[in-house]
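Read through the structure below, which is laid out as structure tokens, and then see the notes.
Keep in mind that the numbers below use all heavy atoms, side chains included, and drop hydrogens, waters and symmetry copies. Please read these numbers as outputs of a predicted model, since none were measured by experiment. Note that ligands are numbered from 1 as they come in the structure, with each ligand's atoms numbered from 1 the same way.
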Amino acid sequence: MGEPDKREVAVKYDALGGRIYDLRYSDEQGEKYDALLKTMTPGPDETVLDIGCGTGLLAERLESRIIGLDISAVLISTALSRLRGKGSSHLVLGDAETLPFRDSSSDQVYSVTLLQNIPDPLSALLEMKRVGRAKVGVTGLKKAFTKESFRLLLEEGSFSSFVILESSGLNDWMAFIDL
Ligand SMILES: C[S@@+](CC[C@H](N)C(=O)[O-])C[C@H]1O[C@@H](n2cnc3c(N)ncnc32)[C@H](O)[C@@H]1O
């Protein structure tokens, strides 16, 4: 895979559209959320960031205060419809490499199947580390990362500790990071 161009990535997801995204990927992504949420379940009073939130499929499952961020205006608008009326949820159009949030402003950070789209995935991980307070749950698409390259990427982030789950049957590696 060559290095992704962010503008092209946004155009690609905008062109796909939220309805088609959900039809194609909601089952696959749902299996990843099942695995993530078994290990990392935020409480209702916690603030959770979902970086690269797409159409809001993960946010819909959470009872916490949710902030979703994505670079695709079209997918964000689908997320907006999905989450309308759902407690405390906010959506932000933005870039994972320069998050518009204060340091340590969220209890937990999730990012599912985002990093393959980022020109410099380490910079996105370091942004998650900067804005998070307690834990990060992040996945890496197996088509883009071997388990070893995913581990090396996490090691470069100098987190206090992390584990990578055995995720056979899933298309992503899953990592849980302590901040
Ligand atoms: C494979 S989708 C995953 C979406 C969502 N996490 C899910 O589980 O359905 C990748 C998402 O990352 C978003 N994305 C790609 N590059 C991004 C960037 N630089 N900043 C923020 N979001 C980005 C895309 O627009 C898309 O919504």
Tell me, please, which residues at least two apart from L80 pass side chain to side chain contact (heavy atoms under 4.5 Å, CB included). R84, L91

List the atom of S72, the atom of D14, and the distance in Å for their closest heavy-atom pair. OG-OD1, 2.6 Å

For a distance cut-off of 3.5 Å, show me each N or O of ligand 1 paired with any protein N or O, plus the separation.
unit_1, atom_1, unit_2, atom_2, d
ligand 1, 6 (N), G52, O, 2.6
ligand 1, 6 (N), V112, O, 2.8
ligand 1, 8 (O), Q29, NE2, 2.9
ligand 1, 8 (O), Y33, OH, 2.6
ligand 1, 9 (O), Y21, OH, 2.6
ligand 1, 9 (O), Y33, OH, 3.2
ligand 1, 19 (N), D95, OD1, 3.0
ligand 1, 20 (N), A96, N, 2.9
ligand 1, 22 (N), I71, N, 3.2
ligand 1, 25 (O), D70, OD1, 2.6
ligand 1, 27 (O), D70, OD1, 3.3
ligand 1, 27 (O), D70, OD2, 2.6

Qualifying residues under salt bridge (charged side-chain N to carboxylate O under 4.0 Å, His left out), relative to D5, sequence neighbours excluded: none

Output yes when a side-chain donor or acceptor of R65 lies under 3.5 Å from a complementary backbone atom of S88, and no otherwise. no

Run the side chain to side chain contact (heavy atoms under 4.5 Å, CB included) test against K135 and tell me which residues pass, sequence neighbours left out. M40, Q108, D178

If only atom types and distance count, is the side chain of K147 paired as donor or acceptor with the main-chain N or O of I164 below 3.5 Å? no

